[in-house]
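Only one structure is covered here, and it is reproduced in the block below.
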Amino acid sequence: MPQPLRLGVLTGGGDCPGLNALIRGLVKRGVHEFGHTFVGIENGYMGLVEPDLTRPLTEEDTRGILPKGGTILGTSNKANPFEYAFKKEDGTWGVKDVSDEVLRRAEELKLDGLVAIGGDGTLTIGHQLSEKGLRVVGCPKTIDNDLSGTDQTFGFDTARGICTEAIDRLHSTAEAHDRVMVVEIMGRHAGFLTLDSGIAGGADVILIPEIPYRIEPIVEKIRRRGRRKRSFSIIAIAEGAYPVGGTLAVAEQAEDIPGRGVVRLGGAGKVCADLLARHIEAEIRVTVLGHLQRGGTPSAADRVLATLYGCKVLDLVRDGEWDHMVALRQGKIVTVPLSESRKERRVNPNGEEVRFAKSMGISFGD
Ligand code: F6P
């Protein structure tokens, strides 16, 4: 019988559906099979830097959370201990390395290890803390599906379903008004969410970051539809998509978001709509799905994947496979080094999914 341990648990980065399902699976198996105790660390790594952000995490705390979106532990995408934001005396923001404090805090809390649940940022920090001696294991999550270590992250399936339903709903109103509907979909610099939901929702045009677009083929596609008496069109555009020779549509620059370190995207749909308006007569409307894509109850597939991740990560703890994370590869839950989370994954512009979509007449603006 392996030794019962005291494990810290945190969720970092943007939330996504399935986080609570994972926490539940982890705590249930941890308590029942191993006799572990868990410490909930609130608001991501912030909970290991700021005071009073930890609490016991018992099986009782996980009751009824399986279908709930968000995370009972809270999260933050602005709490990197290696570049921690602080307000200087002159009121401006600076960053400092507080990773030693994190290690001290983990010792104070008597943690035998830390389970970090997050995307590339959270897992990369986990790896950096591992290199400093903290025992960390990870679970990959994100609606963006952009982590190369795993074939799929949980959260993606739910978000894909929400986007697909949104495109379905836009169809009827687009048709009623003979409009061109541009729908902006999250995913940062990866087009997985837009590609899948664009195909599932029957979009006429799919624009993704991996294929910079030109406006002419899109105009031609809309006109061709018009000639076939289709007086409306749906354009699914990723927030990270941009025109050839253009730049990313940025809502907030990295330097304006203390502690975040990366830009916040937004506005790609409007850029595309403005370019289109110069060429077509039809009315154009832009819908930005925004955080609707991340909220609410997880799909059954995400609940299962998250639960399995939560259970499997305890095997890594049992086997002393620190500095590793769980991952889905070819339908199996496996373990890969945490350093893999640094590698980003992108849609293959020449891959089967894009090729078949094009073969059906969907325009990618190229
Ligand atoms: O990484 C998840 C994600 O939802 C991205 O798709 C999006 O670009 C970003 O987070 C939005 O961040 P925030 O919640 O800080 O607006």
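In each ligand, atom 1 is the first atom listed, and ligand 1 is the first ligand listed. These numbers were taken from a predicted model, which means no experiment stands behind them.
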Side chain or backbone, does Asp144 bring an N or O within less than 3.5 Å of an N or O on ligand 1?
yes
Polar atom proximity, Ile143 to ligand 1 (N or O, under 3.5 Å)
no
Using heavy atoms and a 4.0 Å limit, tell me yes or no: is Gly187 in contact with ligand 1?
yes
For ligand 1, is Gln293 a contact, meaning one of its heavy atoms is under 4.0 Å away?
no
Show your reasoning for whether side chain to side chain donor-acceptor pair (under 3.5 Å) applies to Lys132 and Ser99.
CA-CA 9 Å; Lys132 292 191 72 147; Ser99 55; 2.9 Å; yes
Do the charged groups of Arg135 and Asp323 touch, with an N to O distance under 4.0 Å?
no
Would you call Arg346-Glu344 a salt bridge at under 4.0 Å N-O?
yes
Protein contact of [atom] - nearest heavy atom, named by residue and atom, plus distance:
atom: atom 13 (P) of ligand 1; answer: His291 NE2, 3.5 Å
atom: atom 15 (O) of ligand 1; answer: Arg260 NH1, 2.5 Å
atom: atom 7 (C) of ligand 1; answer: Glu239 OE2, 3.3 Å

With atom 9 (C) of ligand 1 as the reference point, say which of Arg294, Arg264, Lys78 has the nearest heavy atom.
Arg294
Is it the case that atom OH in Tyr242 sees more than 12 heavy atoms from other parts of the structure closer than 6.0 Å?
no
Using a strict cut-off of 4.0 Å, indicate which atoms of ligand 1 neighbour a heavy atom of Asn77.
15 (O)
Which of the atoms in ligand 1, numbered in the order shown and given with their element, are less than 4.0 Å from a heavy-atom of Arg188?
5 (C), 6 (O), 8 (O)
Using the rule side-chain contact (heavy atoms from CB on, under 4.5 Å), only one of Leu276, Asp204, Ile206, Leu170 pairs with Ile235; which is it?
Leu276
Determine, for Phe232 and Arg225, whether the Lys NZ or Arg CZ falls below 6.0 Å from the six-membered ring centre while staying within 45 degrees of the axis.
yes
For Arg160, is there any backbone N or O sitting under 3.5 Å from a side-chain donor or acceptor partner on Asp196?
no
